[in-house]
Amino acid sequence: MKATVYTGPHEISVKEVPEPKVKPNNVLVHFKAGSICGTDMHFYRGDWRWMKKGRIIGHDACGVRDDTKERVVMVPIVNCGHCYFCLRGHPTYCTTGKFYGLTRDGFFAERKAMLPRSLIPVPADVSDEEAANVEPVALAVRVLNHLQPNLGDWVTVVGQGAIGLLMTQIARLKGCRVIAIDVADYRLELAQKYGADVAINAKKEDPVKAVRKLTKLGSDFVIEAAGTKETVEQTPFLVRKTGKVALIGESKGYLNLEDADEASFFTMYISPREYPSAVELISRRLVDVKGLVTHRFRLEDFEKAIKTFDAPEEKAIRVVVTEK
Ligand SMILES: [Zn+2]
Ligand SMILES: [Zn+2]
């Protein structure tokens, strides 16, 4: 079968690979659609050299079950359910956990053997393309649920790529006032379409001054989704005293907490727990992922797809690859 294989930085291409082994407790899933995420770009750009050569990539995708012919979203994290972290409700850190597309072969292959419990049925009103964009929704749900904002709280979202735009949408669903920060106007326009109350172009105005002026005391919550050391280091100056900062895009950087008295800072990653509600939010049209998809390719044209995602002039937000 054909699959998208990582063989080194700037080397991800479609190759012929052996069919997956389907164990008795597995279900074979036929690939329908997937989307390229920032994590895939870290491998591509050579930021994460620990990635094993020969690994099939892809961790956000949907397919069709071979046994029931049902359409399903594939959840990339498989956890044991009984280790220290699993018992405390943190499946992401399962001591024997697998992460498809990172530590195990991923989803961008014609077929994949999966455990049935890692498959979420796709409602009829959700398209394949939408079902291929569940991961960033699940992450945004997780982050906003963890922040527990009150109605009308200020949430500043730094970076309006796909993840930031979904944070904006979900913060609005939570009844927050959203300040969207980015360096590209086309992304800020989308943020406003998704309900951001204020859009700040950090190239044109100082985001710290602007946020302080709007919120007086500083933002109740800050979500860093731009993924740079510089934006991480800006967060203590955006948040109000005792506020909360979620570091999603990048976790390296120096945090000067001199004026961020008792503010909390934490990183947060994807967990399988929010996948069902993410699918439901898309189905109920409370969250839009369709408007984030800027480019579409066939799986066999994956090299073109990832190059497009990597080229700033393409203004890609979400790039989808499909079976046909
Ligand atoms: Zn991802
Ligand atoms: Zn575990």
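Whatever order the structure lists them in is the order used to number ligands and atoms, beginning at 1.
- With hydrogens and angles left out, the side-chain atoms of Lys174 and Asn145 include a donor and acceptor closer than 3.5 Å.
- The aromatic rings of Phe85 and His90 stand perpendicular to each other, their planes meeting at an angle above 60°, with 30° marking the opposite boundary.
- Considering just the N/O/S atoms of Glu135, the one nearest the Zn ion (ligand 1) carries the name OE1.
- Distances from the Zn ion (ligand 1) to the N/O/S atoms of His59 are shortest for NE2.
- Looking at Glu280 and Arg284, a side-chain N of the basic residue comes within less than 4.0 Å of a carboxylate O on the acidic one, giving a salt bridge.
- The Zn ion (ligand 2) has an N, O or S atom of Cys83 inside 2.8 Å of it.
- The Zn ion (ligand 2) lies at the vertex of an angle of 100° between the SG atom of Cys94 and the SG atom of Cys80 (rounded to 10°).
- No side-chain donor-acceptor contact under 3.5 Å links Glu250 and Thr231.
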